[in-house]
Colleague: 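Provided herewith is a single structure, encoded as structure tokens, for subsequent inquiry.
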Amino acid sequence: QALADLAQHCDGCRRCSLGATRQQVVVSRGNPRARLMVIGEGPGAQEDAVGQPFVGRSGQLLDRMLESVGIDSNQDAYVCNIVKCRPPENRKPTALEMAACKPWLEQQIALVDPAVILLAGATAVEGLLGIKGGITKLRGQWRQWDGRWLMPILHPSYLLRNPSKERGSPKWLTWQDLQDVQRRMAQVQAVL
Ligand code: URA
Ligand code: URA
């Protein structure tokens with residue numbers, strides 16, 4: 001119910017100028033009782049049209065990669081973004097837009113209470129942690145934050161532009177990271 005209220009409040013949100021150009025606010029998809037949360041950057045054109053996060057090409061790749069480690073993005077995860085409205089031309093959201101939207105994300109985290117958070121891409125790391133740049137160094141390293149485990153990974157749109165699966169490639173590295181997430185999920189589920 002609290003999440004339904006939040007979605008309703010987001011629908012009327014005008015805290016930043018992205019509210020003027022969006023088709024729809026994109027709040028979340030997936031399971032609000034999941035122990036895993038996935039946070040991306042912001043809606044693209046498809047997401048803006050459908051009203052759900054990660055439903056375009058990036059989302060399909062993300063889903064397939066999660067599936068390969070036994071994670072169903074709709075059953076086993078709650079999926080959302082740093083900003084809830086599409087930035088025009090898919091530009092990166094500004095610091096002001098991310099700050100304006102952050103209270104919504106903080107409420108989502110508090111209500112879903114995930115044990116593990118997957119941060120997809122540099123903007124998700126910047127938006128949640130305030131750390132700029134260096135995703136290639138940050139990825140694959142567990143961080144503890146707010147009593148939760150965080151795993152930064154490369155953004156699936158970056159993987160779409162770098163399709164090699166060779167050992168050491170971005171896709172291969174991300175697959176290692178997701179296997180690590182799978183192990184962590186087994187561990188946090190065991191202590192419940
Ligand atoms: N990219 C993101 O970061 N989030 C989406 O929801 C879709 C694409
Ligand atoms: N550069 C980015 O901004 N994000 C990634 O995920 C990878 C490279």
Side-chain angles (χ1 to χ4, degrees), residues 3 6-7 10-11 13 16 18-19 21-32 34 36-67 71-102 104-109 112 114 116-136 138-140 150-163 170-171 173-175 177-178 181:
L3 281 164
L6 175 130
C10 285
D11 277 339
C13 184
C16 80
L18 297 181
T21 50
R22 70 177 178 229
Q23 304 296 313
Q24 301 181 59
V25 181
V26 177
V27 181
S28 69
R29 67 175 170 91
N31 181 356
L36 174 67
M37 182 180 279
V38 178
I39 305 178
E41 172 170 329
Q46 304 259 2
E47 289 78 17
D48 185 52
V50 174
Q52 291 194 351
F54 280 113
V55 293
R57 280 184 74 222
S58 291
Q60 286 161 21
L61 177 59
L62 179 70
D63 279 4
R64 284 198 304 277
M65 292 190 79
L66 287 171
E67 198 67 58
I71 297 170
D72 177 317
S73 68
N74 284 315
Q75 293 296 321
D76 307 323
Y78 176 90
V79 182
C80 62
N81 281 306
I82 293 289
V83 297
K84 312 290 184 244
C85 298
R86 182 191 181 200
E89 320 293 330
N90 298 338
R91 63 164 170 76
K92 183 184 151 176
T94 65
L96 271 173
E97 289 158 356
M98 292 196 268
C101 215
K102 196 159 184 185
W104 300 128
L105 181 64
E106 285 166 347
Q107 281 186 50
Q108 287 176 300
I109 294 171
V112 175
V116 178
I117 299 179
L118 198 51
L119 291 173
T123 304
V125 173
E126 183 181 339
L128 188 67
L129 303 177
I131 301 170
K132 274 194 173 186
I135 185 70
T136 53
L138 297 173
R139 64 136 282 278
L150 296 191
M151 173 58 82
I153 60 168
L154 299 173
H155 196 279
S157 67
Y158 179 75
L159 303 181
L160 286 171
R161 298 192 298 272
N162 294 274
K171 255 192 171 166
L173 290 170
T174 304
W175 196 54
D177 299 345
L178 294 179
V181 170

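Each ligand, and each atom within it, is numbered from 1 in the order the structure gives.
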Colleague: Relative to the heavy atoms of Gly42, which atoms of ligand 1 are at a distance of less than 4.0 Å?
Modeller: 1 (N), 2 (C), 3 (O), 4 (N), 5 (C), 6 (O), 7 (C), 8 (C)
Colleague: Has ligand 1 got any nitrogen or oxygen that is less than 3.5 angstrom from a nitrogen or oxygen of Glu47?
Modeller: no
Colleague: Determine, for Glu97 against Lys102, whether the closest basic-nitrogen to carboxylate-oxygen distance falls under 4.0 angstrom.
Modeller: no
Colleague: Counting both backbone and side chain atoms, is some N or O of Gly44 under 3.5 Å from an N or O of ligand 1?
Modeller: no
Colleague: Provide, to 0.1 Å, the distance between atom 4 (N) of ligand 1 and the closest protein heavy atom, together with that atom's residue and name.
Modeller: Asn81 OD1, 2.8 Å
Colleague: Show which atoms of ligand 1 fall inside a sub-4.0 Å distance from at least one heavy-atom site of Pro53.
Modeller: 6 (O)
Colleague: Check whether any heavy atom of Gly56 sits under 4.0 Å from an atom of ligand 1.
Modeller: no
Colleague: Closer than 4.0 angstrom, basic N to acidic O: yes or no for Arg29 and Asp63?
Modeller: yes
Colleague: Could you point out which residue of Val112, Leu150, Leu119 forms a side chain to side chain contact (heavy atoms under 4.5 Å, CB included) with Met37?
Modeller: Val112
Colleague: Residues two or more places apart in sequence or in another chain: which of them pass ring-ring contact (aromatic ring centres under 6.0 Å, His included) with Phe54?
Modeller: His155
Colleague: For Asn90, what residues pass the side chain to side chain contact (heavy atoms under 4.5 Å, CB included) criterion, not counting sequence neighbours?
Modeller: Arg86
Colleague: Given 3.5 Å as the limit, does a donor-acceptor pair link the side chain of Asn81 with the main chain of Lys84, or not?
Modeller: no
Colleague: Below 4.0 angstrom from a heavy atom of Gly40, which ligand 1 atoms are there? Numbered from 1 as shown, please.
Modeller: 3 (O)
Colleague: Can you check which of Glu41, Gln46, His155 brings a heavy atom nearest to atom 1 (N) of ligand 1?
Modeller: His155
